[in-house]
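See structure below.
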Amino acid sequence: MIKVILIGACGRMGRIVAEAINQEKDMKVVFGVEKTGHPHIGLPFYDGYLTDDLEKVINEGDICVDFTNPLATLENLEIAHKAKKPYLTGTTGFTDEQLAIIKEISNEIPILYSPNFSFGINLLFKIIKEMIKFLPDDYDISLIETHHKKKLDTPSGTAKKFMEIIKNEKREKEIKPISLRLGDIIGEHILIFSTEGEYIKIIHNATSRFAFAKGVLYGIRFLINKEPNFYTFEDVFKLWAK
């Protein structure tokens, strides 16, 4: 049984991840962690209770799963670092400097980071990486990403990942994504590759946050026995490699 400490337990992603874990036979949530002052601190939370003190309960878990914000992630990651616990995070909005800190810590504990834990989006990352190698230079590339109006980071971490892939594989020309924040839209990413006479449009829609939670389950099982390193969902795909 994999014992999970869920950080950001009462957030949008935290709630759906907790419910997804609760339905699995090989893992359980032993503690939820929230910020000091949260009204549910001390109340039961799945197989444990909700706390604002990760350091107090860190040794009771096998792995930390974190969906918070960059500053909270770095603070909690340092606690996991000291306790030598694997750390999975889907927090977005990190600066390059903050990501460098995370990668440095991954020299001592296994860390799995992805800006998006949807299997479909991560499959698109792989497909676009191959596709862009064959794309002629006269193709224009546009990216439109849409999320709910409470999402703080713009562009999304997923959009940044698409931009990074395209730039690394072929394009020096900067792609400026169009970011929309509307209603309660969970997530939509549209990539358009256009040239004279034709265009290719690739669309990914997240219709439920369960898509992300399912990816987290894959990530937990992947990370639990790994050696220290900085892993991405591309490494998780090796579970299906033949």
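Everything quoted here is computed from the prediction, not taken from an experiment. We use all heavy atoms of the structure for the numbers below, so side chains are in, but hydrogens, waters and symmetry mates are not.
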**side chain to side chain contact (heavy atoms under 4.5 Å, CB included), paired with Tyr87, selected from Asn76, Val65, Ile63, Leu223** = Asn76
**Prompt:** Only one of Ile111, Thr89, Asp66 clears side chain to side chain contact (heavy atoms under 4.5 Å, CB included) with Leu77; which?
**Reply:** Ile111
**Asked** Take atom NZ in Lys82; do more than 12 heavy atoms of anything else shown fall under 6.0 Å from it?
**Response** no
**Message:** Please list all pairs meeting salt bridge (Lys or Arg N to Asp or Glu O under 4.0 Å) that have one or both residues in residues 179-196, counting only residues at least two apart or in different chains.
**Reply:** Glu145-Arg181
**Asked** In chain order, what residues pass the ring-ring contact (aromatic ring centres under 6.0 Å, His included) check against Phe230, with sequence neighbours excluded?
**Response** none
**Prompt:** If you look only at pairs with a residue in residues 101-122, which of them pass as a salt bridge (Lys or Arg N to Asp or Glu O under 4.0 Å), with sequence neighbours excluded?
**Reply:** Lys84-Glu108
**Asked** Parallel under 30°, tilted from 30 to 60°, perpendicular over 60°: which one fits the rings of Phe162 and His189?
**Response** tilted
**Prompt:** Looking at residues at least two apart in the chain, or sitting in another chain, which of them share a ring-ring contact (aromatic ring centres under 6.0 Å, His included) with Phe45?
**Reply:** none
**Prompt:** If you look only at pairs with a residue in residues 27-38, which of them pass as a salt bridge (Lys or Arg N to Asp or Glu O under 4.0 Å), with sequence neighbours excluded?
**Reply:** none
**Request:** For Lys3 and Asp47, run salt bridge (Lys or Arg N to Asp or Glu O under 4.0 Å): C-alpha distance rounded to whole Å, both residues' side-chain angles, the deciding distance at 0.1 Å, then the answer.
**Result:** CA-CA 9 Å; Lys3 295 179 288 185; Asp47 284 78; over 6 Å; no
**Message:** Taking the cut-offs as 6.0 angstrom to the six-membered ring centre and 45 degrees off its axis, would you call Lys201 and Tyr199 a cation-pi pair?
**Reply:** no
**Prompt:** Among all residues two or more places apart in sequence or in another chain, which pass the ring-ring contact (aromatic ring centres under 6.0 Å, His included) test with His81?
**Reply:** none
